[in-house]
Structures are given as C-alpha cells and as structure tokens.
Peer 1: 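Provided herewith is a single structure, encoded as structure tokens, for subsequent inquiry.
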Amino acid sequence: MASVTPDNRGLRLATRYAVLILVAIIFVFPLLFMVMSSLKPSAQLLLDTKSLRAFLPVGDLSFDNYTAAFDRAPIGVFVFNSVLVTGLTVVLTLFVCSLAGFAFVFLEWTGKTIIFSILLATLIIPYETIFIPLLLMASQLPWIGAGGFEIGWLNTYRVQIIPFIADALTIFLFVQYFKDLPRELIEASRVEGASWWTIYRRVVMPLSGPVIATAAILKFLFMYNQYLWPLMVVQEEAIRPVMVGLGYFTDQLNVPWGEVMAYLTIITVPVLAFYLSLQRVFIASVASTGVKG
Amino acid sequence: MKLVKLLGGTAIIALAAGAASAQTELSLWYHGAGSANAEEALVNQLVDDFNASQSDWKVVIETFPQLAYNDAVGAAALANELPDILDVDGPVMPNWAWAGYMQPLGIDEAKFEGYLPGPIGRWDGEVFSVGLWDAAVALTTRKSTLDKYGIRVPSLDAPWSREEFDGALSAIAASGDFEYPLDLGMAWAGEWYPYAFSPLLQSFGGDIIDRSTYQTAEGILNGDAAIEFGEWWQGLFQSGYVPGTSQDAADRETGLVSGKYAMSWNGNWAALPVIEAFGDDALFLPAPDFGNGGVIGAASWQFGISATSENPEGARAFIEYMLDDKWFAAFSDGTGLIPTTASAATMTQNYAPGGPLEVFYGLSEAQALVRPVTPGYIVQAKVFEKALADIANGADVADTLDAAVDEINEDIQANQGYGH
C-alpha cells in the first residue's frame, strides 16, 4: 500500500476540486445561460450563443424580456396554479403512499405479496400509454361539490391532482425505507400498547425524513413539469399550469427567445426554492433521528 | 291574499324578465393566446360586439397557446368536450371534418361570392370553415438592387421564368455584395415548409399528393417534375445562393433590411418593416413561373362549428355575423393580413388602391393555391418538411422523395384512404 505524502495528497485534492468544478460547471452553466439570456434582446441572445458571451452579463442588458413576458401571459396565475396543484399533490402523495408503504411493511394481511408485485409491475407501464383511457375516465367521473352532483372532472384542479396521488414509485420508496427501520422500535411500541396509527404517526414518520424529502422532491419535479396531462384536461386559462403556459411564447413561425428565457427563469424559482428548503430538511432529519445506514 | 298575489306577480315578472334577457352560452376556442398582437384583441372585440348585437346568444371565448391548440382539440374531441365554435388552421380543417370534430357551416354559398379562395374551407363538397383573412408570400427585394444588376422587374402578368430567376441569383451571387442572394426562411420550421415551398414544387409541375384522387403521391412527389424541382432546390444550397437549415433566426428577421440578403421569400406579415426601411424602393414580387405558372400558398386560420355543438344555429349566427367587410377590414388593419374580400380591401389602410400592401391582394387573387385538401395533409406536411430539409442538407433527391412517397402512401392506406 502506497504511503500518502503531502505532495500526492495535494495532487489528489487538486484533482478532486478539478472534477467537482467541472461537474459544477456542467450543472450551473445551463442555468447561467438561461438567466443571462433572459436579460438580452433576442437578436443579441442568438448571436451570443456562438461564444462564451452567452454565459456572461455583457451587451445590451435590461429587464425588458420580463416586462414583455408578463404582458404576454398571466404568469402569476400559472405559477399559482402549479404551486397549488403540485403542493397539494405532494402532501397527499406523501400521506397516502406512506400509509400504503406502512401497511405493506408492518401489517399482516392476505394477498400483501401479490398486490405489492402487481403494484411494482405498474412501474413498467409508460405513463403516456394510459393517457387516453385516463382522459376518458376523467371525463365521466362523478363529483359532488359546491354546485351539487356533476359528471366529469375536466377543467378542474382535482383532475390535475387526484390521479397522481397514489403512485407505485413513491410507495416502493417508502416500503424500501420502512424495511430498514429498526423492528425493535415497532415491537416495543406495540408492547407499550400503541395503536398502528400512533406508531405510524409518532414513531415511523418522524424517523422517515430522508425518504419523505426524496419522495417529495421527485413528486414535486414530476408534478411541476407536467405538460401533456394538463394540456389535455384543462381548457380554462384560469387553472392552467406553468408548463402549458410555455406555449404562449411560440407562434407559428417565431419564438421570442429572450421572453422564453425570462419565463423559464421565473418558473424555475419555485423549483429551486423547494429543492433548497427540502435539502435543509433532509440534512436536519438525518442529524436529528440518528438513523444510520 | 293580496300579498300572495303581489309576490306571485312579482315572481312571474322576474322570471319573464330573466327569460327575456337570458342568452344561451356558446363556447369558442381560439388558438392565439400569448400571440402578443392585435388579433386576440380583435377576436375579443368581435365576440363582445356579437354578444351586444342580439339577445339569444352569448359567445364565451377560451384562448389556448397555438403550440398546444391542436392537441387540446383532439383531447377534447375524445372526451366529448368540444366547444360550439372552433378556430382551425385552413389545411388542418379537412382532418378535423373527416375525424368528426366539425360539421358543415350550413351557410348559403352565395355568402362567399367574391371571397379569396384561401379563406373558404371546403371538405367533401361542403364548406366547414371560413376565415376573415388570408396571407400571401412574395419575393421581397429592392428595385435599386434589381436595377444595379440589370435584372428585369417581374409582374403578375410576366413573372420571372426559371432561367431569369436563376440568372438573377447568379448575377447577385457573382457580385459578392451580399452574403446570400436569397433568403428562403430556412430558420423557420413546421408549416412554413409546405406553405412556402410546396408552391415552388407545384410550379415545377409536381405536388405533395395526387389531387385527382388523394390516394397516392406516387409519380407526383417523386415524378420527373418533382425530381427536377428537388435537384434545383438542392442546387440553391450547394451553390451558396441561400442559407441552409442552420440559418440564424435573427438573420431571418433582419437579414434583408441589414443588407445580408438581396431577396427574401417572405409573407405579407413581414412587409411593413421592409417598407419602413426601404420606402418606395421596396418591391414585392410574384412567385417565379417554373413551368406551370407562379404559385403561392393560401389559407390561414378560420372558424367553424364543432360536430357536437348543441347550439349549431347560435354558432352559425356568430359566424355569419363576422362575415362582414367591416370585420375583414378591422382584422386587416389590426394584423396586416389580407382581407377576405376585394370590397373590404378598399376599406383598409394597407390594401386599398395605392396602399402599401395592395400588391399582396393581387398575388393572393392570382397565384394562391390551397394546400392539399385532405385529412392526410397533417402527416403529408411533416413528411414533406423532412424531405425538403434532408435534400437541402445534401440527401439524394430521388431516394429522399421515394421514401417520402412511401411514407405518405402507407399513411393513406393505414387510414383507409381518408374518406376520399
């Protein structure tokens, strides 16, 4: 085994930093390009793409693209809709899927194994293949709301939320995580007379910060990036999400690239904010629960 | 008792008043959300005026981004949720009519007398849609440029022949004064290709599909005329006469005015900035005659009635209301597009006699040919676009056109002939 001298330690450190900087560049440059481009007129933006100027705040910079983007589309409405739909779906998904995962791991019931296998099998079905039947179902589903009994879920928030609450991937994540929790904790709680609901709420979920954060981030990204489903089921502008709103920035022949970049910058803010906030939760949960891998 | 009578009478009066003022709602879907031009505002004004003009119907508009519009209509048709009134791109209309999304307008054909051919959407012998405007393409350049190189100024009666057009390109290229003699707009993709370039193929004697049967493209898209067109088309790029498919979108916008290009194949919607830049020196020339007459594309967005509308008479009333020179002229003034009738043209700022864009009305009238009127067009357009891009990028002409024909014919067979 070779000894670690101060010289090769420095070399290893330099190599590590070089790799990390390279990776950081790969991840940061697209965002940098988006933000810088959002400040430039379309003609300059396209010319700058031929050089590193594309990533630099040079040339004729202004917030004109942002003003034009807000004039072109009701961005506030779209962002509100996306945050509402995504937020509710994430919360409901975490609740429903964690309960399902809990049942699969800790409860004994007939058919558990086969149902879990069927659930996993649904993961291989491409999302797009079930769009049409899902659309037909959604158009015929009943609902009792403020306006009384009605048929059809199209053009509502619920059609953007409810079909996505239960999903196999999130249940699978919870199952895998719950399996690694110390069984002694559950057994001790049962001996103490705790109900399954209490164990779920007071024992299991407080220990599940990492999987909650992971599942929430994955679900958030999936829901926030939804395009095809809301495009098909929502016709009213008032409940349209951000990704469909991107269509407001193209017409038959022209794309105002500066405005597109401004719009993308605006709608990226909630994603970054959510990710950064959960990143803190993730680290805190690992530190506080004392769960060790 | 008196009180009961009074209350009863009041209720009856209130109900009667409510009935008198109640307008049945008609939904209208429009594709131009976010288009940032005057068109959307004019559609809203048209709807408001119609709603105020009568007491039976109230049109409620829902706007969609154009990028998503056709998919949204397809999904709504599946879910039986189509609106009463649809706007539809002219060449797409036959597909929607064939697929059962739309019903015939049921408006007396006499109403369309004197209309340009493009704004009338016909399928299976009936009118399914009608537009308030059309668009036209011209060879845009400067008179001083043509004079400088001794090039004849063509007219509708005497457009350039192929030899004259090629000679003009060659002379301008030889001068070295411009980066390219001609800008075809290769930076634009999608519908621009069949709209702007299939007329050149048609002028050579070919077409995207055999219009006599609409059952095959064999011998039409890959016949002698089409191959001659393909070789000429490829030659434009190989000779360096036109920028290729990697053309910068900004150059497409400004290349003519900035002096990068000598001529530009562009639409009337881009004409006013050219007039502003060049004044009287600006020229809008007819399509060259490559052997079968000069041809340009036709048909833009139109309005029709959905097949599932529960109030087709209301939808028809709205469409009849908008078929008025007043609206044709208003849309033309607002958007710069060509009004549907000559009488409306006289009422406009740009297309009236002596107006800056008057020439485009003449081009539309004399050279316009609608794209293939078939439900299969939406597939054929994409196949044609890919073939032309491939040929521009150096693909073998005959092989590429043969492959395009195979793809189009297979699609027609897969759809049992598309109802022709």
Side-chain angles (χ1 to χ4, degrees), chain A residues 40-50 68-75 78 131-141 151-155 159 227-240 243-260 263, chain B residues 27-37 39-40 60-83 86 89 91-92 135 137 185 187-193 195-196 246-255 258 266-267 269-270 300-301:
Chain A
K40 300 173 183 176
S42 286
Q44 186 198 328
L45 183 165
L46 292 169
L47 285 174
D48 283 358
T49 54
K50 295 168 184 165
F70 275 102
D71 286 345
R72 186 184 283 266
I75 297 175
F78 295 160
F131 261 29
I132 302 298
L134 205 57
L135 170 70
L136 294 175
M137 279 174 60
S139 69
Q140 297 301 321
L141 285 173
I151 291 288
W153 284 19
L154 301 189
N155 257 331
V159 77
Y227 173 73
L228 198 53
W229 180 250
L231 169 70
M232 287 164 53
V233 298
V234 170
Q235 285 106 37
E236 281 180 29
E237 189 176 67
I239 53 173
R240 233 168 242 162
M243 287 305 159
V244 179
L246 191 56
Y248 282 55
F249 295 86
T250 59
D251 60 27
Q252 206 146 7
L253 300 172
N254 292 309
V255 179
W257 288 111
E259 290 178 42
V260 170
Y263 183 72
Chain B
S27 49
L28 183 159
W29 285 7
Y30 168 67
H31 75 281
S35 53
N37 60 33
E39 190 181 298
E40 187 180 355
V60 178
I61 189 167
E62 197 61 67
T63 59
F64 293 74
Q66 182 168 326
L67 188 71
Y69 182 69
N70 288 358
D71 292 331
V73 169
L78 268 176
N80 203 25
E81 292 277 340
L82 284 171
L86 286 162
D89 198 9
V92 172
V137 168
W188 289 345
E191 192 57 29
W192 175 247
Y193 273 64
Y195 173 67
S246 59
Q247 182 191 26
D248 194 318
D251 287 344
R252 171 57 170 166
E253 294 297 316
T254 60
S258 69
N266 211 335
W269 57 87
S300 185
W301 284 84

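So that the names make sense, note that chain A is the first sequence line, chain B the second, and so on, each numbered from 1.
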Peer 1: Under a 4.5 Å cut-off applied to non-hydrogen side-chain atoms, are B/Asp248 and A/Lys50 in contact?
Peer 2: yes
Peer 1: Heavy atoms, side chains only, cut-off 4.5 Å: are A/Arg240 and B/Pro65 in contact?
Peer 2: yes
Peer 1: Relative to chain B, which segment of A/Phe249 carries a heavy atom at a distance below 4.5 Å: side chain, backbone, both, or neither?
Peer 2: neither
Peer 1: Identify the two heavy atoms, one from B/Phe64 and one from A/Val234, that lie closest to each other, and give their separation to 0.1 Å.
Peer 2: CE2-O, 4.4 Å
Peer 1: Looking only at heavy atoms, what is the nearest atom pair of A/Leu136 and B/Leu78, with distance?
Peer 2: CD2-O, 3.1 Å
Peer 1: For B/Ala75 versus A/Leu135, what's the shortest heavy-atom pair and its separation?
Peer 2: O-CD2, 3.4 Å
Peer 1: With a 3.5 Å distance limit and no angle check, can you tell me whether B/Gln66 reaches the backbone of A/Gly247 through a side-chain donor-acceptor pair?
Peer 2: no
Peer 1: In terms of heavy-atom proximity below 4.5 Å to chain B, should A/Leu231 be classed as side chain, backbone, both, or neither?
Peer 2: both
Peer 1: Got more than 12 heavy atoms from elsewhere within 6.0 Å of CH2, A/Trp257?
Peer 2: no
Peer 1: Looking at every non-hydrogen atom in both residues, tell me the closest pair between A/Gln235 and B/Glu62 and how far apart they are.
Peer 2: O-CG, 2.9 Å
